[in-house]
Amino acid sequence: SDCINSVVRNLRGDSGVTVEYDPIVVEVNKMTLKFPHQMFIDGKFCNSSTGKTHETVNPATEKAICTIPTASSDDVNRAVKAAKKAFDKGEWRLMSARDRGKKLLRLAELMEEHKEELATLESIDSGAVYTLALKTHVGMSIDVWRYFSGWCDKIQGKTIPIAPARPNKNLCITVREPVGVVGLITPWNYPLMMLSWKMAACLAAGNTVVHKPAQVTPLTALKFAELSVLAGIPHGVINIITGSGSQIGEALTNHPLVRKIGFTGSTEIGAVVMASCAKSNIKKVSLELGGKSPLIIFPDADLEKAVKQTCGAVFFNKGENCIAAGRIFIAKSIHDNFVKKLVQEAETYVIGDPLDRSTAHGPQNHKAHLDKLIDYVQQAVRDGAKVECGGKRCDRTGLFFPPTILSNIEDDNFAAKEESFGPIMCISSFDDDDVEDVLRRANSTEFGLAAGVFSKDVSKVLKVAERLQAGTVFVNTYQKTDVAAPFGGFKQSGFGKDMGEEALNEYLQTKTITFEY
Ligand code: TAP
């Protein structure tokens with residue numbers, strides 16, 4: 001283990017607030033990184049009630065960073081009860097919406113002040129390239145907290161002209177209320193960002209929360225918990241439990257006091273979560289699930305831009321990206337030249353230590369995922385794929401898999417249907433003028449998270465964007481998400497939006513109040 005487990009108590013002040021925990025202290029990325037490694041329940045860092053722990057591993061070194069408590073269902077219960085108490089009786093409920101907004105803004109400022117630590121922690125725990133972690137994993141997280149802090153005092157109902165009970169009159173109004181205790185369950189690809197996309201909207205709406213980060217990447221959530229105390233978020237409003245999805249995730253989705261689950265992860269587990277929400281107490285639920293997003297390149301596209309963007313669409317964050325372009329359709333007349341340029345571009349990605357500022361491509365998140373990618377390429381090749389570049393684990397320490405390009409992916413190839421969630425580009429071609437056929441093929445998937453199209457022909461791209469069955473469509477760009485724009489899937493990529501005003505709906509319920517006078 002490369003950890004130094006300090007027994008020194010950690011005390012830090014911010015406007016008189018202190019946080020106490022047993023810190024892990026690591027010298028890394030030219031800084032002394034100090035962070036909690038315990039769960040966070042009712043404002044306190046604590047161990048599991050069973051005393052059990054598991055390790056979290058740095059994928060660049062394959063060494064353990066520290067141990068993390070393995071929560072039990074008793075711990076889930078404790079966290080839910082703390083969140084329920086904070087919701088029913090705490091300061092959070094009494095506070096004005098504007099003051100709630102100030103707290104969330106303060107939290108965003110603290111995240112900004114600590115962004116290098118957060119990005120370093122994200123890098124060592126998830127393998128994210130540090131420069132990208134700063135800009136995206138942490139940068140977009142800060143933006144989303146800032147964005148939703150501004151919504152707190154703008155959540156309002158309506159006055160509705162209903163038919164009066166003559167000779168009396170009626171006044172009908174709606175108020176938008178929080179749902180109560182919310183459970184949030186997130187995956188490992190953007191640990192802090194997935195937490196933030198959901199939790200910022202959830203807290204802006206006035207709820208309290210129990211969050212379960214992915215078992216393999218819990219560290220930024222725990223550092224975030226520390227900052228939430230410094231921001232003055234009252235005890236019990238945010239609780240973070242660490243452990244396995246099949247145990248504590250399920251205890252959370254089944255819990256009778258939890259009123260809503262916000263889930264991001266695979267379609268398979270999403271279905272389990274939805275069933276559990278239905279059976280336990282008809283919980284409200286939103287699901288951001290898997291994808292196999294098509295990207296169509298017409299011959300009249302700006303090809304230079306399209307090459308760069310296509311590589312970004314697949315290799316961004318080493319392909320561990322829910323909206324990664326899962327199928328690339330290239331017009332026949334440009335196919336061979338375009339593939340050649342894609343290979344040249346892919347080979348410029350510098351693979352290496354994610355903390356090195358010149359690195360563009362870091363290690364995959366964890367070992368089981370890397371093994372899945374190796375199998376994925378082998379199966380695609382058995383089904384007729386041609387390996388244009390990459391395809392094998394890199395010969396170096398760490399869980400590295402290079403940007404990989406597979407061409408000749410026919411519709412019946414396994415790689416035309418299954419999500420890899422890694423840096424594997426799957427290419428097929430289409431007849432230049434057969435827009436109908438490429439649309440049919442692009443839509444012949446049960447996923448519907450994102451899609452993209454490149455062409456300079458305005459009426460063609462409008463028609464294609466209208467027909468693509470996806471929650472997000474990119475035209476002459478890819479990967480361009482923003483905290484103010486709603487994001488979420490169609491079909492088996494789930495339902496319910498993260499980000500933008502629409503995300504608030506996921507964490508609110510409308511009450512109609514009718515007066516007679
Ligand atoms: P999953 O295996 O589905 O895990 C997601 C989360 O659910 C993890 O925290 C996991 O815990 C937990 N979980 C597992 N079983 C559970 C159960 N029975 N009840 C409740 N929770 C349970 O996905 P993953 O492999 O971490 O992430 C990859 C998938 O996420 C991909 O399909 C990707 O497309 C999708 N994804 C989608 C989006 C959006 S926005 N649509 C964004 C990112 C990722 P453990 O940590 O213990 O496994």
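FYI, side chains are in, hydrogens and waters are out, and symmetry mates aren't considered; it's all heavy atoms of this structure. Both ligands and their constituent atoms are indexed starting at 1 by order of listing.
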**Student:** Give yes or no for whether the N/O distance cutoff of 3.5 Å, strictly under, is met between V216 and ligand 1.
**Tutor:** no

**Student:** Quick check: D498 and ligand 1, any N/O pair under 3.5 Å apart?
**Tutor:** no

**Student:** Please could you name the atoms of ligand 1 that A214 approaches to less than 4.0 Å, counting only its heavy atoms?
**Tutor:** 9 (O), 46 (O)

**Student:** Which one holds for Y190 and ligand 1: side chain close, backbone close, both close, or neither close, with close meaning a heavy atom under 4.0 Å?
**Tutor:** neither

**Student:** Using a 4.0 Å heavy-atom threshold (strictly under), name the region of T264 that reaches ligand 1: side chain, backbone, both or neither.
**Tutor:** both

**Student:** Assert yes or no for the condition that the ring centre distance of W145 to F224 is strictly below 6.0 Å.
**Tutor:** yes

**Student:** Salt bridge (charged side-chain N to carboxylate O under 4.0 Å, His left out) between D375 and K372: does it pass, once the steps are laid out?
**Tutor:** CA-CA 5 Å; D375 286 350; K372 210 185 96 187; over 6 Å; no

**Student:** Who's the nearest protein heavy-atom neighbour of atom 32 (O) of ligand 1, and how far?
**Tutor:** E419 OE1, 2.8 Å

**Student:** Heavy atoms only: which of C277, G183, P191, G245 lies closest to atom 17 (C) of ligand 1?
**Tutor:** G245

**Student:** When rounded to the nearest 0.5 angstrom, what is the spacing between CZ in F329 and CG in L439?
**Tutor:** 10.0 Å

**Student:** Taking the minimum heavy-atom distance to atom 3 (O) of ligand 1, which of G471, S266, A251 ranks first?
**Tutor:** S266

**Student:** Checking the N or O distance criterion of under 3.5 Å, is ligand 1 in contact with W188?
**Tutor:** yes

**Student:** Could you tell me, atom by atom, which parts of ligand 1 come under 4.0 Å of a heavy atom of T186?
**Tutor:** 6 (C), 8 (C), 9 (O)

**Student:** What is the distance from atom OG1 of T359 to atom CD1 of I351, rounded to the nearest 0.5 Å?
**Tutor:** 9.5 Å

**Student:** Does the protein place a non-hydrogen atom closer than 4.0 angstrom to atom 9 (O) of ligand 1?
**Tutor:** yes

**Student:** Nearest 0.5 Å, what's the CG-CD distance between D143 and E112?
**Tutor:** 8.0 Å

**Student:** Give the numbers and elements of all ligand 1 atoms closer than 4.0 Å to a heavy atom of G249.
**Tutor:** 19 (N), 20 (C), 21 (N)

**Student:** How many angstroms lie between atom OG of S72 and atom CZ of R78, to the nearest 0.5 angstrom?
**Tutor:** 7.5 Å

**Student:** Less than 3.5 Å between some nitrogen or oxygen of Q215 and one of ligand 1, yes or no?
**Tutor:** yes

**Student:** N/O of I269 under 3.5 Å from N/O of ligand 1, yes or no?
**Tutor:** no

**Student:** Can you tell me which portion of L289 lies within the under-4.0 Å heavy-atom range of ligand 1? Options are side chain, backbone, both, or neither.
**Tutor:** backbone

**Student:** Pairs of nitrogen or oxygen atoms closer than 3.5 Å, one from K212 and one from ligand 1: do any exist?
**Tutor:** yes

